[in-house]
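Note on naming: letters A, B, ... go to the chains in the order of the sequence lines (proteins, then strands), and numbering restarts at 1 for each one.
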Protein chains: 2
Amino acid sequence: MDQGESGPTIADLIRAHFNEFKPAERKIANHLLGNYPMAGLTSITELSAACQVSTPTVMRTLGRIGFTSFTRFQKALKQELAETLSDPIAKHGLWATGTPREHVLNRAAEAVVANLRDTMNHISYDSFNQVVELLCDPGRAVHLVGGRITHAFSDYLATHLEVIRRGVRQLPASAGLWPHHLLDMAADDVLLVFDVRRYELDLQGLARVAADKGVEVVLFTDQWLSPIAEYAGHSFPVHTEAASGWDSGVATLFLIEALVTAVESRLWDGASERMNELERIFDRTGRFRRLKE
Amino acid sequence: MDQGESGPTIADLIRAHFNEFKPAERKIANHLLGNYPMAGLTSITELSAACQVSTPTVMRTLGRIGFTSFTRFQKALKQELAETLSDPIAKHGLWATGTPREHVLNRAAEAVVANLRDTMNHISYDSFNQVVELLCDPGRAVHLVGGRITHAFSDYLATHLEVIRRGVRQLPASAGLWPHHLLDMAADDVLLVFDVRRYELDLQGLARVAADKGVEVVLFTDQWLSPIAEYAGHSFPVHTEAASGWDSGVATLFLIEALVTAVESRLWDGASERMNELERIFDRTGRFRRLKE
DNA sequence: TTTATGATGTAAAGTTTTTTACACAACGAA
DNA sequence: TTCGTTGTGTAAAAAACTTTACATCATAAA
């Protein structure tokens, strides 16, 4: 794709040629500039109708500013719009200064930001808010479970949630112990499940049984959706695939942290007391360095 | 013109119906969301080609979210775009389209990208390469250990390294068992330590003893540097602080994944064989869903 | 007034899209 | 296996759009 073409905009072109235009052509120019750029995104038919001129007049107008066909004009306009809309992050150039662009670090950074953006576009704002609500409800215990790879994420989320609220239970890594744990789940409890390819049958079974018991299942999965989505009240499809075939958990972790942050600020009153108490306990164990300030 | 129509955006509709979509239809949904909204402004022909599906599939996809014709869909999208463009506060460069800028998701995304950039600027390219070398050396066993919060990261890294090479040992979470493990560390082994505030005394002790034995210590810490940096051959100061006082592990995870990727491609010949074997074992256990394609 | 010229529209031809109808292949259940 | 179902694509019909050729109208100079 030929990038970087940052010459004059189409609006500039129209303004520059304005005095060459005949009266009927000026109607078009005015309409185009007055409803820029959307007016140019309709068909030439509609455009001419909106200006009360004929289609050939539109053609001649565009011909004057250098476009030999309406199609090409519209393509250019779309590209211009796309560049305007494209987010500022993408253009930040090289990341790790002084390292070659091809270095893993740079390639990975670009891939990860792309993942993040895709994930953001796929996540439902409503789902996010509703899950936050669920996690803030002290009446619901929260159970977490992950698969072979995602286990670490459920661990991380559990560690953070425990600091904020009570009733957080992380299921053991081995599926054999899950039935035992299922006994402890009550209807209206929340089960956070992490499942990415390859999807694990044990997890699916667990989620189904839990859902049958009336447990609210929240699923963190990849863009291909684990079959557990079927039983889940909310699903977060996180984009994991980076270029050249390796998967990244960065977007998943990002989502986890966003959730923790949201829950924490929502429960602030209770949570801050709980956190202070935790600090005191840490101080007493003497296992941590005393903070400087 | 019916103005003020601020119902669900088309992106919302797509997200809401995402799990009803068939595989081919998801390609379209992903493409539409991934290049939103410009991807929807081409002809149905180009759109289908870009997704490598047929035009009728596009029609069916749009049908599912309530549009009975492609034309009507595109009209709606244009109107949405027009409203966005005329509303100065709205989107431009926003990530999660349709969510207010102040929403946790957007604030967190911005913070995380900033962290990533800071981290990239502080990491030594040489250190990175040298650590990759260490991890690729089959003669050195690799030990991993983390603290209360970072434990999940060491877990994640261990899980991935195990797939690639042999001799990967994750230390248990409880410090009481570490002395026992220290017996197994040989000079020239590698110890990967994760330590962020609050720095843990037990970890420091462990790292010191290991360093004394001639173990190569590699430290993942935050920008304030754990005291372990003293004994470490290589330190990665990862930026963890996001605005408003919460810490993020995203940059840490990013670094971990970059390392794994580098090691994997460096050891490709051996690693791919090992990974294939793992696949076969998984197939035999029957615990995983068989992949479609 | 006539005539030439420029401005604009009409209508039809050519092209591309959209839409529909139907066929084929993959898959799961009987 | 066989059969029905479901997912998806092919291809042709229908519609819309773009472009061209040419006609008409208005204006101004002779």
Side-chain angles (χ1 to χ4, degrees), chain A residues 10 14 17-32 37-79 199 201 204 208 223-227 229-230, chain B residues 10 14 17-32 37-79 286 288-293:
Chain A
I10 290 176
I14 297 175
H17 291 81
F18 202 85
N19 43 11
E20 303 170 21
F21 293 149
K22 314 305 169 197
E25 297 173 354
R26 289 200 182 159
K27 286 192 201 171
I28 297 161
N30 281 326
H31 184 249
L32 243 28
M38 295 309 293
L41 294 183
T42 63
S43 69
I44 193 176
T45 316
E46 284 186 35
L47 177 56
S48 67
C51 301
Q52 314 216 54
V53 298
S54 65
T55 49
T57 299
V58 177
M59 297 239 61
R60 286 184 285 261
T61 310
L62 300 180
R64 256 180 238 283
I65 63 173
F67 291 101
T68 58
S69 96
F70 181 79
T71 313
R72 271 191 282 277
F73 156 76
Q74 204 168 54
K75 277 235 168 68
L77 191 62
K78 277 178 190 164
Q79 166 143 352
Y199 308 122
L201 292 175
Q204 189 177 353
R208 195 183 52 238
Q223 65 256 54
W224 299 280
L225 292 192
S226 151
E230 191 86 10
Chain B
I10 290 179
I14 297 176
H17 293 260
F18 201 84
N19 40 14
E20 301 169 21
F21 292 149
K22 313 305 168 196
E25 296 173 353
R26 278 187 198 170
K27 285 193 202 171
I28 298 161
N30 280 324
H31 184 249
L32 245 26
M38 295 309 293
L41 295 183
T42 64
S43 69
I44 193 175
T45 317
E46 285 186 36
L47 177 57
S48 67
C51 300
Q52 315 215 56
V53 300
S54 63
T55 49
T57 299
V58 177
M59 297 240 58
R60 284 185 286 260
T61 309
L62 300 180
R64 253 179 241 282
I65 62 173
F67 291 100
T68 56
S69 97
F70 181 80
T71 313
R72 270 190 283 278
F73 156 77
Q74 205 170 54
K75 279 238 167 68
L77 190 63
K78 279 176 187 163
Q79 164 142 353
F288 294 86
R289 278 210 150 209
R290 194 157 280 284
L291 289 180
K292 289 290 163 59
E293 14 153 43

Roughly, in whole Å, what's the span from [atom1] in [X] to [atom2] in [N]?
{"X": "A:Gln52", "N": "C:dT8", "atom1": "CD", "atom2": "C1'", "answer": "14 Å"}
{"X": "B:Ile28", "N": "D:dG9", "atom1": "CD1", "atom2": "P", "answer": "8 Å"}
{"X": "B:Glu46", "N": "C:dT15", "atom1": "CD", "atom2": "C1'", "answer": "14 Å"}
{"X": "B:Lys22", "N": "D:dT5", "atom1": "NZ", "atom2": "P", "answer": "15 Å"}
{"X": "A:Phe70", "N": "D:dT19", "atom1": "CZ", "atom2": "P", "answer": "8 Å"}
{"X": "A:Ile44", "N": "D:dA15", "atom1": "CD1", "atom2": "P", "answer": "22 Å"}
{"X": "B:Glu25", "N": "D:dG7", "atom1": "CD", "atom2": "P", "answer": "8 Å"}
{"X": "B:Leu41", "N": "C:dT17", "atom1": "CG", "atom2": "C1'", "answer": "16 Å"}

State which of [options] makes the closest approach to the side chain of [X].
{"X": "A:Arg60", "options": "C:dT17, C:dT8, C:dT20", "value": "C:dT8"}
{"X": "A:Ser54", "options": "C:dG9, C:dT19, D:dT18", "value": "C:dG9"}
{"X": "A:Ala24", "options": "C:dT8, C:dT19, D:dG9", "value": "C:dT8"}

Inset, instruction - Please say whether more than 12 non-hydrogen atoms of neighbouring residues, nucleotides or ligands are located less than 6.0 Å from CD in B:Gln52. - result: no
Legend entry - B:Thr57 vs D:dG7: side-chain N/O to OP1/OP2 distance below 4.0 Å: no
Legend entry - Short side-chain N/O contact to D:dT18 OP1/OP2 from A:Thr55, under 4.0 Å: no
Is it true that a side-chain atom of [X] and a backbone atom of [Y] form a donor plus acceptor pair closer than 3.5 Å?
{"X": "A:Lys27", "Y": "A:Val53", "value": "no"}
{"X": "A:Gln74", "Y": "A:Thr42", "value": "yes"}
{"X": "A:Arg26", "Y": "A:Phe21", "value": "yes"}

Inset, instruction - Tell me what A:Thr71 touches on the nucleic acid: a base, only sugar-phosphate, or nothing, going by heavy atoms under 4.0 Å. - result: sugar-phosphate
Inset, instruction - Looking at every strand, decide which applies to B:Thr45 at a 4.0 Å heavy-atom threshold: base, sugar-phosphate, or nothing. - result: base
Legend entry - Nearest non-hydrogen partners of B:Ile65 and B:Ile14, listed with the distance: CD1-CG1, 4.0 Å
